[in-house]
Chemist: 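Below is the structure I would like to discuss, written out as structure tokens.
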Amino acid sequence: MTATNRPVLIDRFNRTVDYVRLSVTDRCDFRCVYCMADDMTFVHRSKVLSLEEMGMVAQAFVNLGVTKIRLTGGEPLIRSNVMTLIDHIGQLQGLEELTLTSNGSQLTKFAENLKSAGVKRINISLDSLNRERFHNITRTGELDQVLAGIDAAIAADFERIKINAVILKNRNDEEVTDLVQYAIDNEIDIS
């Protein structure tokens, strides 16, 4: 226990663990070349924790002293009824920060609800501003859908929005400056 009477989770290397990532699904509506093989196989649904079980895991970690949870995937927003989990986690006493990593495809639908549920920060994948190149990298993604999702996140006024760009030689490496300028123009971070 700390001076504030909060538990502290310590790993076997004597490091304080106050941040966990919770992958809500391995599925995604994109098939990015650097993330998924052409013949990708997914975990059978019977082996994936239910939303209720994930909520209990989140609660257990917060009870142990975790103050930040990041929801990831695959694409977390394609999981059926995922907002029930996000609403639950956002209300956990002791959780200081709930964040989300997304490909942006579903943000026009979810941005306002995410903000209302307590999500403070969002990381959004964006590897190209060229429609054809974006589609080639994601295999299925539509750039306009993601850009609209970023606009929805900006409008929802999250504390922080960050673009994650994977730069690939001979695929999108000449776009670094354009992606940085996009982030500057939209007053968001990029890495």
Chemist: Does L9 belong to the same Ile/Leu/Val/Met/Phe/Trp/Tyr cluster as L95, with side-chain heavy atoms less than 4.5 Å apart forming each link?
Modeler: yes
Chemist: Sequence neighbours excluded, which residues qualify as side-chain contact (heavy atoms from CB on, under 4.5 Å) partners of I184?
Modeler: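 For I184 the side-chain contact (heavy atoms from CB on, under 4.5 Å) partners, ignoring immediate neighbours, are V180, Q181.
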Chemist: I'd like to check V17 versus F61 (side-chain heavy atoms, cut-off strictly below 4.5 Å). Are they in contact?
Modeler: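 The answer is no, as the side chains (C-beta and beyond) never meet within the 4.5 Å cut-off.
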Chemist: Just to verify, which of V62, V57, V119, L98 counts as forming a side-chain contact (heavy atoms from CB on, under 4.5 Å) with I89?
Modeler: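 In the set V62, V57, V119, L98, the residue that makes a side-chain contact (heavy atoms from CB on, under 4.5 Å) with I89 is L98.
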Chemist: For residues 21-28, please give each side-chain donor-acceptor pair under 3.5 Å, one per line with the distance, not counting sequence neighbours.
Modeler:
unit_1	atom_1	unit_2	atom_2	d
R21	NH1	Y19	OH	3.2
S23	OG	T25	O	3.3
T25	OG1	R27	N	3.0
D26	OD2	V43	N	2.8
R27	NH2	V43	O	3.1

Chemist: Show the numbers, then the answer: is there a side chain to side chain contact (heavy atoms under 4.5 Å, CB included) between I163 and I150?
Modeler: CA-CA 9 Å; I163 299 298; I150 293 169; 3.6 Å; yes
Chemist: So I154 and I188, do their side chains get closer than 4.5 Å, heavy atoms only?
Modeler: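 Side chain of I188 against side chain of I154, heavy atoms only: contact under 4.5 Å found.
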Chemist: Working to the nearest 0.5 Å, report the span between CE of M83 and CG of L114.
Modeler: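 One gets 5.0 Å once the value is rounded to the nearest 0.5 Å.
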Chemist: Is I190 close to Y182 at the side-chain level, that is, under 4.5 Å between some pair of heavy atoms?
Modeler: no
Chemist: How close do A152 and A111 get, heavy atom to heavy atom, and via which atoms?
Modeler: O-CB, 3.6 Å
Chemist: Could you report the tightest heavy-atom contact between K120 and E96, atom names first, then the distance?
Modeler: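 Scanning both residues, the minimum pair turns out to be NZ-O, 2.7 Å.
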Chemist: Looking at residues at least two apart in the chain, or sitting in another chain, which of them share a side chain to side chain donor-acceptor pair (under 3.5 Å) with Q91?
Modeler: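 None.
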Chemist: So, using side-chain contact (heavy atoms from CB on, under 4.5 Å) as the criterion, who are the partners of S102 when residues are at least two apart?
Modeler: E75, L77, L100, L107
Chemist: Could you report the tightest heavy-atom contact between L179 and A165, atom names first, then the distance?
Modeler: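 Taking every non-hydrogen atom into account, CD1-CB, 4.0 Å.
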Chemist: Excluding sequence neighbours, so at least two apart, what forms side chain to side chain donor-acceptor pair (under 3.5 Å) with D173?
Modeler: none
Chemist: Regarding S125 and N164, do their side chains bring together a donor and an acceptor under 3.5 Å, going by distance alone?
Modeler: no
Chemist: Which residue pairs pass the salt bridge (charged side-chain N to carboxylate O under 4.0 Å, His left out) test with at least one member in residues 153-172, sequence neighbours excluded?
Modeler: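 Only R160-D189 qualify under salt bridge (charged side-chain N to carboxylate O under 4.0 Å, His left out).
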Chemist: Is there side-chain contact between E97 and D18, with heavy atoms separated by less than 4.5 Å?
Modeler: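 A side-chain contact is absent here, since even the closest heavy-atom pair is not under 4.5 Å.
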Chemist: Could you tell me the separation between the CE atom of M54 and the CD1 atom of I86, rounded to the nearest 0.5 Å?
Modeler: 11.0 Å
Chemist: Would V82 end up clustered with I78 when hydrophobic side chains under 4.5 Å apart are linked, directly or stepwise?
Modeler: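 In one cluster: no.
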Chemist: Could you check T138 against V146 for side chain to side chain contact (heavy atoms under 4.5 Å, CB included), going step by step and ending with a plain yes or no?
Modeler: CA-CA 11 Å; T138 63; V146 173; over 6 Å; no
Chemist: Return the OG1 to CZ distance between T99 and F158, rounded to the nearest 0.5 Å.
Modeler: 11.0 Å
Chemist: Under a 4.5 Å cut-off applied to non-hydrogen side-chain atoms, are L126 and F134 in contact?
Modeler: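 Yes. Closest side-chain heavy atoms under 4.5 Å.
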Chemist: What residues, two or more places apart in sequence or in another chain, satisfy side chain to side chain donor-acceptor pair (under 3.5 Å) together with T108?
Modeler: none
Chemist: Do any pairs count as a side-chain hydrogen bond (donor to acceptor under 3.5 Å, both in side chains) and have a residue in residues 78-88, sequence neighbours left out, and if so which ones?
Modeler: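 Residue pairs passing side-chain hydrogen bond (donor to acceptor under 3.5 Å, both in side chains), neighbours aside: none found.
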Chemist: With sequence neighbours left out, which residue pairs that include part of residues 59-69 fulfil the side-chain hydrogen bond (donor to acceptor under 3.5 Å, both in side chains) condition?
Modeler: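 For residues 59-69, and leaving out neighbouring residues, the side-chain hydrogen bond (donor to acceptor under 3.5 Å, both in side chains) pairs sorted by first residue read Q59-N63.
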Chemist: Tell me the closest heavy-atom pair linking E175 and N130, and the distance in Å.
Modeler: OE1-N, 3.7 Å
Chemist: Kindly state each residue pair satisfying side-chain hydrogen bond (donor to acceptor under 3.5 Å, both in side chains) with at least one member in residues 28-37, sequence neighbours excluded.
Modeler: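 Every side-chain hydrogen bond (donor to acceptor under 3.5 Å, both in side chains) pair that includes a residue of residues 28-37, provided the two are not neighbours, is D29-N103, D29-S105, D29-Q106, Y34-D127.
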Chemist: Residues two or more places apart in sequence or in another chain: which of them pass side chain to side chain donor-acceptor pair (under 3.5 Å) with E53?
Modeler: S50
Chemist: Within the structure provided, determine whether L71 and I69 are in side-chain contact (heavy-atom separation under 4.5 Å).
Modeler: yes
Chemist: Going by the salt bridge (charged side-chain N to carboxylate O under 4.0 Å, His left out) test, which pairs reach into residues 134-151, not counting sequence neighbours?
Modeler: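 As it turns out, the salt bridge (charged side-chain N to carboxylate O under 4.0 Å, His left out) pairs with a partner in residues 134-151, which skip direct neighbours, are D38-R139, R131-D144.
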